[in-house]
Amino acid sequence: MSTVTRFAPSPTGYLHIGGLRTALFSWLTAKHNNGKFLLRIEDTDMARNSEEAKDAILKAFEWVGMSHDGEVVYQSKRFDLYKTYIDQLLEEGKAYKCYMSKEELAALREEQMAKKERTRYDGRYRDFTGTPPEGIAPVIRIKAPQEGRISFVDGVKGEFSVDAKEVDDFVIARADGSPTYNFVVAIDDALMGLTDVIRGDDHLYNTPKQIVVYNALGFKIPNFYHVAMINNEQGKKLSKRDGATDVMEYKTMGYLPEALLNFLVRLGWSHGDQEIFSLEEMINLFDPNDINKSSSNYNLDKLLWLNAHYIKNTSNEKLAEMLKDFGVDIAGHDKLEMLLDATKERGKTLVELSNQINLILHAPKAYDEKAVKKAFKGDAKAILTDFIAMLQTWEKPLHLPSDCHAVMEKLVADKEIGFGKIGMPLRVSLLGSMTGAGMDEVMAILGVDETITRIERAVTTIE
RNA sequence: GACCCUUUCAUCUAGUGGCCAAGGAUAUUACGUUUUCAACGUAAAAACAGAGGUUCAAAUCCUUUAGGGGUCGCCA
């Protein structure tokens, strides 16, 4: 039987970084087995759903390049289907109408809390045959087993079992007739042919309930994998205050999808000492049975490192394309290769990279104050002036970084000075700051004319 | 409150009774390289939550305490 996995978000907000990891694990499991990865939108709660949220989730998937197989399934369009199963269970006596009011239920819970018990429905209408109370629209509850244990083997946690007494006759249809979560999830997972359900371990307790549904309907129970949550660096639940939780924010911040996926796959999963995984390697090596039991903390440092790695290893052509989103359009630039070669090791994100490039592309509007103090002193002015003269009279071509380097070398030799004497003032003249790309590269990219223009302008500011 | 899950360097992790006086990666620090900043290279520092057991031998098995997380809806 071929593997089928799924991701099933409810469209109430953006795609969360934790959700993306769970989705990644599911996606990898499907790809590893040449199976299918399905997407289902859990929109049974009409009040909280939004179209925008759904689109945002789909967009995030598109960005990271995790495509789903087949059509997206919307639970909101399947109410008729769920209804037939509710009727079936009612007819077979596996579910029943419960006329307990919300007030009565609340009172019962309070009573149980007071007695320090786990709260649960007491089954008072399970075998009810009398006359139903007036004015109460009943909910439908499923008959859960009353004794024994409900158990299953979780691919991550291992053997998991709860006392049947812990699982009450939960509601499968509300008073208005709409089906509830645990009911529809079980039905959809079964009908969509899921073989492996990978989800957050906040669903661990839902699983016994869903197993009740599987059994009542005679469905085959899939493998379950409950993945521990991602916490913040302090080990607390990840919230907006901890930085970006929306997947698309990472695009804005200049992260590459490969880096983000590589980062996420290593949260709760590993393969020996390996840190860098291409998509292909992940697919080949991933096995949901290897997922770690414990929750992991979210730490941006490693993501930044990975991102730098992927930027360095991305083709210049592709980088140029991506940089368009960051206000840098160099796709047609004749020195594109040189420009990116000179900068891509200096940018950990596309934002930083675009800053590096802009530094070269645009003549400095102002010179960094500290840099001026350090570089434009002593005989800096004279050296720069000599350098201009040298450039103007240079007879060989000055196209390559090595060509430009030769000029500096000559100057250093002639004047019997260190490289720093020319390097530092030159750097400030060309870029306005003490940091940044190598001078040889910058000069080659700018060309002789622009190089001279920038130096001349700088010289006039030195008194 | 009840029930469940979990616990190796600051962080992600390797580790399935002897190969572990615990390995890798990130971050940190130092040094090297460099005209600068990065990148890169070398090195340093850094952990088995605590307490009891079992065993010739325990990070690994058992008990227990503590920390963290989750669940207890006519939400998903």
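In what follows, chains are A, B, ... by sequence order, proteins preceding strands, each numbered from 1.
- Here A/Asn292 reaches the OP1 or OP2 of B/A14: one of its side-chain N or O atoms lies under 4.0 Å away.
- Between A/Asp301 and A/Asn299, the shortest heavy-atom contact is N-OD1, 3.1 Å.
- Residue A/Lys293 has a polar side-chain atom (N or O) positioned under 4.0 Å from OP1 or OP2 of B/U6.
- Taking atom CG of residue A/Leu306 and atom C1' of nucleotide B/U11, one finds them 13 Å apart after rounding to whole Å.
- Here A/Arg109 reaches the OP1 or OP2 of B/C74: one of its side-chain N or O atoms lies under 4.0 Å away.
- No close placement of the A/Phe128 and A/Tyr96 rings is indicated, their centers lying 6.0 Å or farther apart.
- Rounded to whole Å, the distance from CG on A/Leu430 to P on B/U35 is 16 Å.
- Side chain of A/His203, nearest nucleotide from B/A76, B/C12, B/A2: B/A76.
- Applying the 4.0 Å criterion to OP1 and OP2 of B/G73, one finds that A/Thr119 has a side-chain N or O inside that range.
- Aromatic ring centres of A/Tyr205 and A/His226 lie farther apart than the 6.0 Å criterion allows.
- Judged by Watson-Crick or G-U wobble contacts below 3.5 Å, the nucleotide B/U11 has B/A25 as its partner.
- Here A/Val139 lies in heavy-atom contact (under 4.0 Å) with a base.
- Counting distance only, with no hydrogens placed and no angle test, the side-chain atoms of A/Glu275 and the base atoms of B/G24 include a donor-acceptor pair under 3.5 Å.
- Between A/Tyr225 and A/Phe25, the ring center distance fails the sub-6.0 Å criterion.
- Comment: A/Asp189 engages A/Arg40 in a salt bridge, judged by a side-chain N to carboxylate O separation of less than 4.0 angstrom.
- The side chain of A/Met434 lies closest to B/U36, out of B/U36, B/C5, B/C12.
- For A/Asn297, taking side-chain heavy atoms from C-beta onward, the closest of the listed nucleotides B/G24, B/U11, B/A76 is B/U11.
- For A/Arg141, the listed nucleotide lying nearest its side chain is B/C74; candidates were B/A27, B/C74, B/A25.
- Nearest nucleotide to the side chain of A/Lys157, out of B/G70, B/C5, B/A27: B/C5.
- The phosphate of B/A14 (OP1 or OP2) has a side-chain N or O of A/Ser270 nearer than 4.0 angstrom.
- Across B/G23, B/A25, B/C74, the shortest atom-to-atom separation from the side chain of A/Lys302 is found for B/A25.
- Here A/Glu275 pairs with A/Arg266 in a salt bridge; the nearest charged N to carboxylate O distance falls below 4.0 Å.
- At the phosphate of B/G1, neither OP1 nor OP2 sits under 4.0 Å from any side-chain N or O atom of A/Arg118.
- Side-chain proximity of A/Arg346 to the nucleotides B/G24, B/C3, B/U36 is greatest for B/U36.
- Taking a pair to require two hydrogen-bonding distances under 3.5 Å in either a Watson-Crick or a G-U wobble arrangement, B/G17 remains unpaired.
- Comparing atom distances between the A/Glu166 side chain and each of B/U35, B/C3, B/C12 picks out B/C3 as nearest.
- Between A/Lys94 and A/Ile142, the shortest heavy-atom distance links the atoms O-CG1, 3.6 Å.
- Partner assigned to B/U42 is B/A30, using Watson-Crick or G-U wobble distances below 3.5 angstrom.
- Between A/Arg120 atom CZ and B/A2 atom P there is a gap of 17 Å when expressed in whole angstrom units.
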Polar atom pairs between nucleotides 40-50 of chain B and protein, under 3.5 Å, N or O only, would you list them?
| from | atom 1 | to | atom 2 | distance (Å) |
| --- | --- | --- | --- | --- |
| B/C40 | OP1 | A/Lys312 | NZ | 3.3 |

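- Nearest heavy-atom pair across A/Pro257 and A/Val64 is CB-CA, 3.8 Å.
- Distance A/Met424 CE to B/C37 P: 10 Å, rounded to the nearest Å.
- At whole-Å resolution of the value, CG in A/Leu426 and P in B/U34 are 18 Å apart.
- Closest approach to the A/Tyr205 side chain among B/U13, B/U71, B/C37 is made by B/U71 (side chain taken as heavy atoms from C-beta onward).
- Contact of A/Lys102 with B/C74 (side chain to base): no donor-acceptor pair of N or O atoms is detected under 3.5 Å.
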Do any N or O atoms of the protein come closer than 3.5 Å to N or O atoms of nucleotides 65-69 of chain B, and which pairs are they?
| from | atom 1 | to | atom 2 | distance (Å) |
| --- | --- | --- | --- | --- |
| B/G68 | O2' | A/Gly235 | O | 3.3 |

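- Positionally, the nearest nucleotide of RNA chain B for A/Lys115 lies more toward the 5' end than for the other of A/Gly438 and A/Lys115.
- The side chain to side chain contact (heavy atoms under 4.5 Å, CB included) test with A/Phe183 is passed by exactly one of A/Val212, A/Asp188, A/Ile172: A/Ile172.
- Using a 4.0 Å cut-off between charged side-chain N and carboxylate O, A/Asp386 and A/Lys415 make a salt bridge.
- Residue A/Phe160 is in sugar-phosphate contact alone, with no base atom involved, counting any heavy-atom pair closer than 4.0 Å across all strands shown.
- Between the side chains of A/Asn292 and A/Ser294, no donor-acceptor pair of N or O atoms lies under 3.5 Å.
- What separates CZ of A/Phe170 from P of B/U71 is a distance of 17 Å, to the nearest Å.
- The side chain of A/Tyr181 has B/A76 as its nearest neighbour among B/G73, B/A76, B/G70.
- In a base pair of the Watson-Crick type (N1 to N3 plus N6-O4 or O6-N4) or a G-U wobble (N1-O2 and O6-N3), with each distance short of 3.5 Å, B/C72 is matched with B/G1.
- Of the side-chain N and O atoms in A/Lys344, none sit less than 4.0 angstrom from OP1 or OP2 of B/A39.
- Taking the six-membered ring wherever Trp is involved, the centroid distance between the rings of A/Phe277 and A/Phe286 does not fall below 6.0 Å.
- A salt bridge between A/Arg454 and A/Glu450 is present, with a side-chain N of the basic residue lying under 4.0 Å from a carboxylate O of the acidic one.
- Nucleic acid contact class of A/Gly420 (heavy atoms, under 4.0 Å, all strands): sugar-phosphate only.
- The distance between atom CD1 of A/Ile422 and atom C1' of B/U36, rounded to the nearest whole Å, is 13 Å.
- Regarding A/Leu384, its CG atom lies at a distance of 17 Å from the P atom of B/U35, rounded to whole Å.
- Base pairing of B/U63: its partner is B/A51, meeting the Watson-Crick or G-U wobble criterion (both donor-acceptor distances under 3.5 Å).
- In terms of position along RNA chain B, the nucleotide closest to A/Gly272 lies nearer the 5' end than the nucleotide closest to the other residue of the pair A/Gly272 and A/Ala437.
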